[in-house]
Structure formats: structure tokens, C-alpha cells
Amino acid sequence: MSLKFNLLNTTDAGGRRGQMHLPHQTVETPVFMPVGTAGSVKAVPQDVVESLGAQVILGNTYHLYLRPGHESIQRLGGLHRFISWPRAMLTDSGGFQVYSLTQLRKVTDEGVRFRSHLDGSLHFFTPEYSMDVQIALGADICMAFDECTEYPADRARAEESLRLTMAWAQRSLDYFRAHRHEVPWLKDPRSPNEGDQGHPMTEGRTQSLFGIVQGGMYLDLRRQSAERLVEMDFDGYAIGGLSVGEPRELTLEVISEVLPLLPESKPRYVMGVGYPDEIEQYARMGVDMMDCVLPTRAARHGLLFTSEGRVNIKNRRYAEDQGPADPACDCMVCRRYSRAYLRHLMQSSEPLGATLNTIHNLAYYLGIMRRVRADLAAGANMPEPVRP
Ligand SMILES: [Zn+2]
């Protein structure tokens, strides 16, 4: 049995608050998902990520496949147990990294041949193989293997890319349905969630698979893509190929076009967005899930997101600033450390700087979603019952 999604409230603006029941966690939506690229939300230990209230984190299939290898992770009981993360996880299909990180890749109808960015070794990913890898990793949610259409792309290129993505979506789904019972934790009594973690795994639930709407910036291709994926009947739907360099109005236009085409009864995920005001805007429009490397990556470069706007903590003006990173934030960093100290850590290249900055930025992003959920809960009517 795959995920169960309940809508709790909806607003006239299309916003919705819900609960997504996954094997390792009941996730309150809308939700922001921190990115844990290679089995780690960079610079922050898992217990801290948990204490910040993260309900679901991402793992990158491409990175974990190359190192330490999905078969090794499978033998170690799956990604949850390997990294000691008791809550929900989502893995991407590996496609995006293959396109963005590797050279000499060759795309055919069968799949993508590419060279590892680590050692130049040759690899071949097909939709079926991406499913195999994701089942071995064992995230609660897997993603269909797709081709992320670059920006800008002309119409012929976007059409051809979409043709591949749609064929690969069906192959991903067929293979996933036949093999998802092979996930390492399904019948494993040594679940990481038993014992002291206090998150009993929901019995009988297995992995879910989301389809990814592509089509570049062509709204009719986006519509076509959404309608065909909905016919295939995935457990949830993602809008991919955004935040690839297009102007923000276009991102918004594509999201606005696609959202109404997706079934109300299933979760909707916009991949790879965005700045704090963007994730708030999209959440209020009815996007249930978002992920982005921005809060973690920016933090490592000294960029903090605060209620007063962006703060480049390396700036000299903070050298003797005794105030917290964000006066309106009550995260463990803002309660304890000054801007002057955070700046000093960055100036001295102390690893603690990246850790503290990341903790604050994640707290800020997760806080936005908590606030949006509270607003939706307070100001919204109960939705009409959704017919299956
Ligand atoms: Zn803070």
C-alpha cells in the first residue's frame, strides 16, 4: 500500500493543508524538504535536523549510487538505517545529476550512458535501473526517471525531451509496481524506527512513486504531460524542469497552469524551488511539497535568510555586531550566538560556521512552512470530500 494523503483545509486561493502518511512519518503539508545529497544534510547532524522539525529529507540517487553504492546501502538495511534517519525520505531519479554533473553522456530511448564525475568510469541508467537503485535505497518516495529539459530549449527539443520523459515514466511505473516489495525495510524486523526513536513505522505501507511533469516552458506541452501522467495513475505528481535559469514569472506561469490539472486527492511537489518568498507563495497556491539546496548551500557561503532580508554574514559591518543573525528567530543559533561570532567563524574558515549558518537557514525555511500551515488551518474551510 502506497502513501495516503488527507486534505484538512483548503482556501479560495487554492492553498491546502494536508497530511501525507508515509511508512516512516506522517508529514504535515505544505512541507519544505531539506536536501541531504549524499546521505547528509551538509554540515548538520541528523538529530539537529530532526529537532528543527524537518519531517522528510531528500537523498540524491546519483551520488549514493556512485558512493557508497546502492547495493552496499541495501545490505546495510537501506538509507534510513544507514544514515540513522528515522523520518521520511525521498530520492530523486538520478536524472538531474546525470545531466548537470556528468560529461560525455549519451541519451537514447533505452536510457542514458554517462561517465562518473568522480573517476570517469562508465555507467548506464535506464528507467528500470533507476527504480532498482531507488528501491535498494528504500526512500518513502521515489521519483520516475525523467529528462530535465534545459532552459532555454526550442520547441522541437522540448517536444523530443518530453517524448522521452513520458515513455520513461510508464517504464518507471511498470517496473516499480512489479518490484517495490523488494525494499529492504518492508519485512525487516530491525526497523530503525523501533527502539528509542519513537517513530513506529506504519505497518503494511511501502514505497510510493511520483511522476514528473516536464515540457519546458511550453504550456501546452506541460498540459499534455500532466494529463498523460494522471492517466498513468502515480501516487503523487511533481513539476520538474523549473528553477533552471528561467525568469521567475515563467516559473509561476508553469506552476499555475499545471496545478489545476493534477488530482486534488494526491500530493503535488514542485522540485528545486526556491527563495523564501517563493516557497511561501507556492505553498499558498496549493503546492504541497518543495525542496531546494538554497538554504543549505547559501549558508555554507555565509548567506543567511532572515526576517530582515538576506544577510551576508561575511560583511565587515557585522564584525562587532552583538545581535543574533535574525532578531525574530528563536532557533538554537539565534538564541546563543552573535553575528560577530558567525562572521568570525566564516573569516577563520571554521567548519562550525557552515554548521551554524545552515541550522539557522533551515530553521527559517521550516518556520515559513509552519506559519503557512497555521494560516491555512486558521483561515480555511473544510474541503468538499474528494471522490476517488
Ligand atoms: Zn535563527
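First listed ligand is number 1; within each ligand, the first listed atom is number 1. Every heavy atom of this structure was used, including side-chain atoms; hydrogens, water molecules and symmetry mates were not. Everything quoted here is computed from the prediction, not taken from an experiment.
- Salt-bridge formation is detected for the pair Arg163/Glu160: a Lys NZ or Arg NE/NH1/NH2 atom is positioned less than 4.0 Å from an Asp or Glu carboxylate oxygen.
- No side-chain donor-acceptor contact under 3.5 Å links Thr61 to the backbone of Thr91.
- Remark: Arg171 engages Glu110, Glu128 in a salt bridge (charged side-chain N to carboxylate O under 4.0 Å, His left out) (not counting sequence neighbours).
- Inspection of the environment of the Zn ion (ligand 1) yields the following protein N, O or S atoms under 2.8 Å: Cys329 SG, Cys331 SG, Cys334 SG, His360 ND1.
- By the 4.0 Å N-to-carboxylate-O rule, Asp375 lies close enough to Arg284 to be salt-bridged with it.
- For Asp326 (side chain) and Ser307 (main-chain N/O), a donor-acceptor pair under 3.5 Å exists by modelled atom type.
- At least one donor-acceptor pair under 3.5 Å links the side chain of Ser243 to the backbone N or O of Gly272.
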